Protein chains: 2
Amino acid sequence: MDHPDGETVKRRRTSNRASVTIRDVARHAGVSVATVSRALRGSDLVHPATRERVDAAIEALRFTPSQLGRSLAERRHAANGIVFPDLSGPFYAEVVLGYEEVAARLGRSVLILSTHNRESADEMVLDLAGRVDGLAVFGRTVHDVVVAEIVERGVPVVLMARTEVRGADSVRTENVSAAQSVVEHLVTHGHRRMAFLGDPVDSTDVAERWAGFRAAVDRAGLPAPDQPVTAGFKEDDGARAAVDLRAGGLPDVVVCANDELALGLMEALEDHGVRVPDDVAVTGWDDVMAARYAGLTTVRQPMRDMGARAARMLDARISGDSSEPRHDVLTTQLVVRRSCGLHPKEAHR
Amino acid sequence: MDHPDGETVKRRRTSNRASVTIRDVARHAGVSVATVSRALRGSDLVHPATRERVDAAIEALRFTPSQLGRSLAERRHAANGIVFPDLSGPFYAEVVLGYEEVAARLGRSVLILSTHNRESADEMVLDLAGRVDGLAVFGRTVHDVVVAEIVERGVPVVLMARTEVRGADSVRTENVSAAQSVVEHLVTHGHRRMAFLGDPVDSTDVAERWAGFRAAVDRAGLPAPDQPVTAGFKEDDGARAAVDLRAGGLPDVVVCANDELALGLMEALEDHGVRVPDDVAVTGWDDVMAARYAGLTTVRQPMRDMGARAARMLDARISGDSSEPRHDVLTTQLVVRRSCGLHPKEAHR
DNA sequence: TTGAAAGCGGTACCAA
DNA sequence: TTGGTACCGCTTTCAA
């Protein structure tokens with residue numbers, strides 16, 4: 001009975017919660033693991049009767065195949081990653097939403113990572129890259145060399161709202177002509193002294209918006225400021241900027257790099273008795289939900305679409321597409337509301 | 001030279017992007033894989049000189065350990081999952097943010113899954129459960145039996161904003177007494193006919209808010225409606241409800257199950273010439289960013305904290321804590337703004 | 001149609 | 001301190 005072969009002795013080293021494995025199923029069904037595996041994958045090289053026994057065993061043992069074992073054998077994770085600077089704010093959530101939706105439909109799980117501009121960001125992203133089949137990276141979350149390193153490892157990368165990196169696809173939204181639309185619209189209100197709020201160093205997007213703004217102001221024959229009024233991305237930053245702007249003499253209009261900034265600015269100005277748009281006009285960027293209720297004129301970006309598109313590009317690469325990198329640019333749209341000023345004909349109604 | 005041992009012949013079956021393995025490193029450094037592994041883990045059973053050689057080999061080969069191989073051997077994923085009904089709206093993003101931040105700090109990756117109340121939700125969640133060491137589940141995304149099944153498999157689960165399930169921890173926010181605060185405050189404005197907008201069937205939260213609302217109205221000696229005015233969760237649903245409410249004769253105040261609903265309602269009412277709060281008062285729930293700009297009175301919930309707490313509970317379980325399930329209840333806070341009505345003394349200023 | 005066995009890339013036990 | 005090697009759980013030849 002207790003013949004000295006390994007079988008009787010073999011025992012799990014770590015037998016915590018002893019999960020059911022494919023071997024248990026094989027034994028229970030009286031077949032080999034190869035057959036169970038085939039049955040699992042729906043191969044048609046399994047005799048119906050055999051399949052039935054296997055199915056019964058799976059059912060009886062409540063077996064679930066281990067993703068880990070499967071992934072290791074198949075050499076694929078069936079998972080994609082997405083990296084953000086910060087998940088807060090109404091803005092990024094939309095991108096993730098679009099990304100997750102498409103990825104899920106394509107049968108891939110989604111790993112998210114928010115870098116919070118931590119020092120360890122590069123390291124964390126590299127680690128993440130080791131857990132996925134493809135990676136979407138938003139903005140200036142990691143250094144170019146890290147992106148390059150990941151690409152070189154053979155993990156497809158798609159960049160979102162970020163300057164291109166050799167070997168990686170990218171998706172971004174149009175900024176320059178949008179800035180021009182904003183300026184042109186402001187000109188119709190009769191505004192002449194225009195300021196720009198935001199830090200071009202923070203992101204490619206802001207840099208492009210500032211450049212587009214300057215060029216458009218120039219082209220309109222108006223005095224363009226040499227420098228933007230630098231600020232971060234949050235409502236608080238906007239509120240702080242209100243102080244500087246009032247100290248420096250208010251312009252006719254402040255074009256802000258994003259909505260949160262614009263909203264914080266508007267609120268702070270009004271708290272100080274400065275009326276928007278009567279005394280100063282303000283515009284934002286992104287068209288977050290709050291913008292509508294605050295009556296903020298802004299530029300709408302198709303964030304959800306950006307995420308969805310990134311997921312699709314990644315899927316193509318993972319599926320073996322090795323054509324030249326693509327660089328998509330999504331169009332944006334000016335959304336006019338109260339904050340940019342009343343048109344003369346409306347002024348008195 | 002070409003002695004017939006396996007070594008010379010052995011070759012990767014699938015040699016796509018031939019990744020560097022620990023065996024390559026061992027060979028390069030002239031040591032065993034065991035030693036490389038030790039060096040990798042920072043074990044102090046490695047001679048400094050040996051370690052140096054290993055490090056050099058790692059450097060030279062640009063070796064990165066495979067997460068998959070490691071996870072399989074260690075029998076842990078070093079990743080947690082979080083399941084949502086829908087990532088849209090400003091609300092869930094905060095929860096994910098709090099969750100991700102803590103999980104990342106604890107060295108765990110985060111997998112997200114949005115169920116969009118798809119039919120396949122149960123299946124997707126089960127699959128996800130096979131890829132993580134612990135799972136946070138928000139609201140009514142999956143059936144109780146599925147949660148139970150996951151728990152039984154030995155994967156710790158923490159429920160968020162959902163009724164308890166045997167064997168799982170939970171975190172939720174306080175609803176009943178918050179509803180009471182809302183009603184009590186509304187009474188000070190002199191409002192008497194109160195309606196509730198939202199569907200208790202949709203979520204535990206709404207059910208509790210409705211119950212708390214009814215009880216409080218009763219207690220105040222006011223006429224409590226038998227039924228809520230049912231509606232979904234989005235601005236559109238609120239806008240649609242405006243029609244029903246106007247048709248049925250406007251109450252003094254509409255207590256809404258969340259902010260988006262309230263905002264949509266307010267906007268639609270005002271479009272029809274109904275003034276808020278003069279003609280009808282409106283309150284929301286969540287305190288999303290837009291609520292501030294719309295002047296919406298609402299109940300603030302610590303969403304980020306909820307996510308963070310869920311991540312910590314999960315970590316404790318994964319680390320072996322086997323005490324009785326915990327059920328945390330986070331306190332909420334009434335945020336009074338314009339939409340609930342003007343106090344008599346303010347009415348004429 | 002089926003089974004045996006060699007991986008996939010690590011970890012860790014046991015001996016040396 | 002080190003090395004040999006048996007796993008972790010699954011997939012996929014190759015032969016039968």
Side-chain angles (χ1 to χ4, degrees), chain A residues 5-7 9-27 29-54 58 61 63-78 127 130-131 133 153, chain B residues 6-7 9-27 29-54 58 61 63-78 130-131 133 153:
Chain A
D5 69 24
E7 187 59 30
V9 183
K10 208 189 289 176
R11 199 140 294 291
R12 276 190 194 75
R13 241 182 331 181
T14 340
S15 103
N16 52 338
R17 300 235 172 274
S19 57
V20 183
T21 79
I22 197 172
R23 274 171 259 269
D24 299 321
V25 176
R27 199 171 308 137
V31 298
S32 73
V33 294
T35 299
V36 177
S37 178
R38 289 192 197 100
L40 240 35
R41 318 306 312 280
S43 158
D44 44 344
L45 293 96
V46 180
H47 191 93
T50 311
R51 179 184 302 277
E52 218 160 276
R53 298 217 322 278
V54 172
I58 288 174
L61 269 42
F63 166 74
T64 325
S66 150
Q67 289 295 338
L68 237 34
R70 183 168 278 182
S71 289
L72 187 57
E74 288 179 341
R75 318 187 89 206
R76 60 173 236 136
H77 300 267
D127 176 272
R131 306 171 153 269
D133 300 319
R153 272 195 210 162
Chain B
E7 185 61 28
V9 182
K10 207 189 287 174
R11 199 140 295 290
R12 278 192 191 73
R13 237 182 333 179
T14 341
S15 100
N16 53 336
R17 302 238 170 271
S19 57
V20 183
T21 79
I22 196 173
R23 275 168 253 270
D24 298 322
V25 176
R27 199 171 310 135
V31 297
S32 73
V33 293
T35 299
V36 177
S37 179
R38 286 188 202 102
L40 240 35
R41 317 307 309 282
S43 158
D44 43 344
L45 294 97
V46 180
H47 191 91
T50 310
R51 179 183 303 276
E52 218 160 278
R53 298 217 321 278
V54 172
I58 289 175
L61 269 42
F63 166 73
T64 325
S66 149
Q67 289 293 339
L68 238 33
R70 183 169 278 182
S71 289
L72 186 57
E74 289 179 341
R75 317 186 91 207
R76 61 173 234 137
H77 299 267
R131 306 170 154 270
D133 300 319
R153 270 193 212 164

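Residue numbers start from 1 in every chain, and the chains themselves are labelled A, B, ... in the order their sequence lines are given, proteins ahead of strands. Worth knowing before you read on, the calculation uses all heavy atoms, side chains too, and leaves out hydrogens, waters and symmetry mates. Since the structure is predicted, the reported quantities are computational estimates derived from the model, not experimental observations.
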With a 4.0 Å cut-off on heavy atoms, is B/Leu45 in touch with a base, just the backbone sugar-phosphate, or nothing at all?
-> base

Could you pick out which residue, A/Pro65 or B/Ser32, lies toward the 5' side of DNA chain D when each is mapped onto its nearest nucleotide?
-> B/Ser32

Please determine if a side-chain N or O atom of A/Ser37 lies less than 4.0 Å away from the OP1 or OP2 oxygen of D/dT12.
-> no

Out of D/dG9, C/dT2, C/dA12, which has the shortest distance to the side chain of B/Ala34?
-> C/dA12

So what does B/Val31 touch, heavy atoms closer than 4.0 Å: a base, only the sugar-phosphate, or nothing?
-> sugar-phosphate

Think B/Arg41 has a side-chain N or O under 4.0 angstrom from the OP1 or OP2 of C/dG10?
-> no

Of C/dT11, D/dG3, C/dT1, the nucleotide closest to the side chain of B/Thr35 is D/dG3

Indicate, with a heavy-atom threshold strictly under 4.0 Å, whether B/Thr64 touches base, sugar-phosphate, or nothing.
-> sugar-phosphate

Is there a donor N/O on one and an acceptor N/O on the other, under 3.5 Å, for the side chain of A/Arg38 and the base of C/dG3?
-> yes

Short side-chain N/O contact from A/Arg23 to OP1 or OP2 of D/dG9, under 4.0 Å = no

In whole Å, what is the span from the CG atom of A/Leu68 to the P atom of D/dC10?
-> 10 Å

Remember a base hit wins even if backbone is also touched, and classify B/Ser71 as base, sugar-phosphate or nothing at under 4.0 Å, heavy atoms.
-> nothing

Under-4.0 Å side-chain N/O to phosphate OP1/OP2 contact, A/Arg70 with D/dG9 | no

Within less than 4.0 Å of OP1 or OP2 of C/dT2, is there a side-chain N or O belonging to A/Thr50?
-> yes

Taking only the side-chain nitrogens and oxygens of A/Arg75, find out if one of them lies under 4.0 Å from OP1 or OP2 of C/dG9.
-> yes

Which nucleotide in the set D/dT2, C/dT2, C/dT11 lies at the smallest distance from any side-chain heavy atom of B/Glu74?
-> C/dT11

Assign each of B/Gly69 and B/Val33 the nucleotide of DNA chain C bearing its closest heavy atom; nearer the 5' end lies the nucleotide of B/Gly69

Candidate nucleotides D/dT2, D/dT11, C/dG10, ranked by approach to the side chain of B/Phe63 - the nearest | C/dG10

Sidechain-backbone polar pair: B/Arg51 side chain, B/Arg38 backbone, donor-acceptor under 3.5 Å = no

Correct closest heavy-atom pair for A/Arg23 and A/Val33 would be CG-CG1, 3.5 Å

Of the candidate nucleotides D/dT2, C/dT1, C/dG9, which contains the atom at the shortest distance from the side chain of B/His47?
-> D/dT2

Quick one: is D/dT11 close enough that its OP1 or OP2 comes under 4.0 Å of any side-chain N or O from A/Arg76?
-> no

OG on B/Ser71 to CZ on B/Arg131, rounded to 0.5 Å = 11.5 Å

In this structure, CG of A/Leu68 is separated from CZ of B/Arg70 (nearest 0.5 Å) by 13.0 Å

Rounding to a whole Å, what distance do you find between A/Ile22:CD1 and C/dA5:P?
-> 17 Å

